[in-house]
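A short worksheet on the structure shown next.
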Amino acid sequence: MKHISYFFAIFLLLLYSCEEESKRPFGTLIEVPNEIETIKDAISIAQPHDTVLIHNGEYFEWNIKIEKPIYITSNYFYENDSNIIAQTIINANHESRVFTIMDISDVLFINGITMRNGATYFGGGLYCENSSINISNVVIESNSASKPNSQGAGGGLFLKNSNIILDNVHIYDNYGLRTGGAFYCENSTLKVINSLIDNNESWWGGPPVSIWLSTINFKNVIFRDNLNSFTHEDYPEIIIAESTGVLENVQVVNDSISIGTSTIDLINCRIPGY
C-alpha cells in the first residue's frame, strides 16, 4: 500500500509540474525594463518563440515592427488581474502606429496590454499583413487612421491576408478617416470571442467595422454605439461584404449592420433587422 501511495504522489507531482509548465510563456524570458529598457530593443534581440515580458508602466514607443513569432505579454499572464491591462500601456503619442506585423507564418501572441494613441495612414493601433496573430486580454483605444491627405483605414486594427484571433479584446474610441474606425479586415480569417467593440467612428463613407472577402467566426461579441458620420443616414456602422462565417451570441446595440452580400449563419444573435 505504501508503494501505491508513493507512486501516486509522484504522479501528482509530475502532473502539477506539467500544468505549471503549460502556464508559462515559452522560450527565453526578456524583461522590460528590468533587463532591456525598451520594447523595441527587447523585440529586436528576441529569437523566434522567445517571450518579451513588459512590466507595469506607460511606454512611449511607436512603430514597433515584428517579423518573427514571439510572445509579448504583461504580468497579466502570471497574475490574471485585469487591472494590469490598464497599467501596462504602449502609448504611440500620435507619432505613428503602435505595432507593425509583417510576414509571420507561425503565431505571434500579444497578451495583457493597452495600445493607445497610434496614428498613421492604415492601422493606427496595429497593422497586420501576411501573418498569424493571437491577441488576447488587450485594450485598443484612441488610435486613428487619419493622417493628413490619406484615406485612412483601420483606426484600431488593419488586417490583411492574415489569420487573426481576438479574445477578450476591448476596441473603443478609435477613428478611421475613411473606413474601419474600429478595424478593417480584408481577405483574412478572423475569429473574435468574448469582446466589446464600441464608440468607434468613421467619417468619409466607410463603416467603423469593415470586413471584406474574409472568413469570420464571432462568438459572445457586443457592437455598441459605433458611429458612421457620413451624410447618408442609412449607411451602416458594420459591414460584412463578400464573406462567409458564423455569428453566435452577437449583440448589435445602437448600430446598423449590412451582411447582405455574405453567407453568414446567425445563432442566438440580437441584431436589428435579422
Side-chain angles (χ1 to χ4, degrees), residues 25-77 84-147 150 153-166 169-171 174-176 183-184:
F26 42 70
T28 300
L29 188 67
I30 304 168
E31 299 186 54
V32 180
N34 299 18
E35 297 176 339
I36 303 296
E37 186 173 354
T38 70
I39 298 166
K40 276 187 177 180
D41 287 344
I43 289 171
S44 71
I45 67 171
Q47 298 300 306
H49 309 297
D50 282 350
T51 296
V52 174
L53 173 61
I54 306 171
H55 289 285
N56 293 17
E58 188 167 12
Y59 301 82
F60 288 89
E61 299 190 44
W62 47 87
N63 201 19
I64 302 169
K65 296 180 180 179
I66 309 175
E67 298 176 323
K68 51 195 167 185
I70 57 177
Y71 198 122
I72 299 171
T73 186
S74 68
N75 285 299
Y76 179 87
F77 187 93
I84 293 173
I85 300 171
Q87 295 165 1
T88 311
I89 302 163
I90 304 178
N91 188 336
N93 202 34
H94 306 288
E95 297 288 342
S96 183
R97 71 171 60 99
V98 181
F99 285 109
T100 300
I101 316 298
M102 294 288 291
D103 302 320
I104 301 177
S105 58
D106 206 339
V107 181
L108 165 72
F109 294 87
I110 298 177
N111 175 61
I113 64 171
T114 295
M115 304 178 200
R116 179 181 294 166
N117 292 337
T120 188
Y121 301 97
F122 301 100
L126 181 146
Y127 181 98
C128 177
E129 186 171 358
N130 301 324
S131 298
S132 294
I133 183 169
N134 189 327
I135 300 174
S136 58
N137 311 304
V138 164
V139 174
I140 302 169
E141 65 175 19
S142 303
N143 302 284
S144 67
S146 60
K147 284 282 190 176
S150 80
L157 302 165
F158 187 99
L159 313 169
K160 186 175 182 180
N161 302 330
S162 294
N163 188 344
I164 310 103
I165 297 175
L166 305 178
V169 171
H170 188 188
I171 304 173
N174 300 284
Y175 178 77
F183 64 82
Y184 177 91

[X] side chain near [Y] side chain, heavy-atom distance below 4.5 Å:
| X | Y | answer |
| --- | --- | --- |
| D41 | I45 | no |
| L166 | L157 | yes |
| T88 | N75 | no |
| L126 | V98 | no |
| Y127 | M102 | yes |

Could you give the distance from [atom1] ([X]) to [atom2] ([Y]), rounded to the nearest 0.5 Å?
| X | Y | atom1 | atom2 | result |
| --- | --- | --- | --- | --- |
| K68 | Q47 | NZ | CD | 6.0 Å |
| I43 | E61 | CD1 | CD | 8.0 Å |
| Y71 | D50 | OH | CG | 14.0 Å |
| Y59 | N91 | OH | CG | 13.0 Å |
| N163 | N130 | CG | CG | 12.0 Å |
| I140 | I90 | CD1 | CD1 | 11.0 Å |

Inset, instruction - State which residues pass ring pair (Phe, Tyr, Trp, His ring centres under 6.0 Å) with F122; sequence neighbours excluded, sorted by chain then number. - result: F158
Inset, instruction - Mind checking ring pair (Phe, Tyr, Trp, His ring centres under 6.0 Å) for Y175 and listing every partner two or more places apart, or none if nothing turns up? - result: none
Legend entry - Residues, nucleotides or ligands: over 12 heavy atoms within 6.0 Å of E37 CD: no
Inset, instruction - Identify the heavy atoms of V52 and A42 that sit nearest to each other, and give their distance. - result: CG1-CB, 3.9 Å
Legend entry - From CA spacing to verdict: side chain to side chain donor-acceptor pair (under 3.5 Å), E141, H170: CA-CA 8 Å; E141 65 175 19; H170 188 188; over 6 Å; no
Inset, instruction - Please answer whether the main-chain N or O of K65 pairs with a side-chain N or O of K40 as donor and acceptor at a distance below 3.5 Å. - result: no
Inset, instruction - Could you tell me whether a side-chain N or O of S131 sits under 3.5 Å from a main-chain N or O of S162, the two making a donor and an acceptor? - result: no
Legend entry - Polar side chain donor-acceptor pair, T73 to N111, under 3.5 angstrom: yes
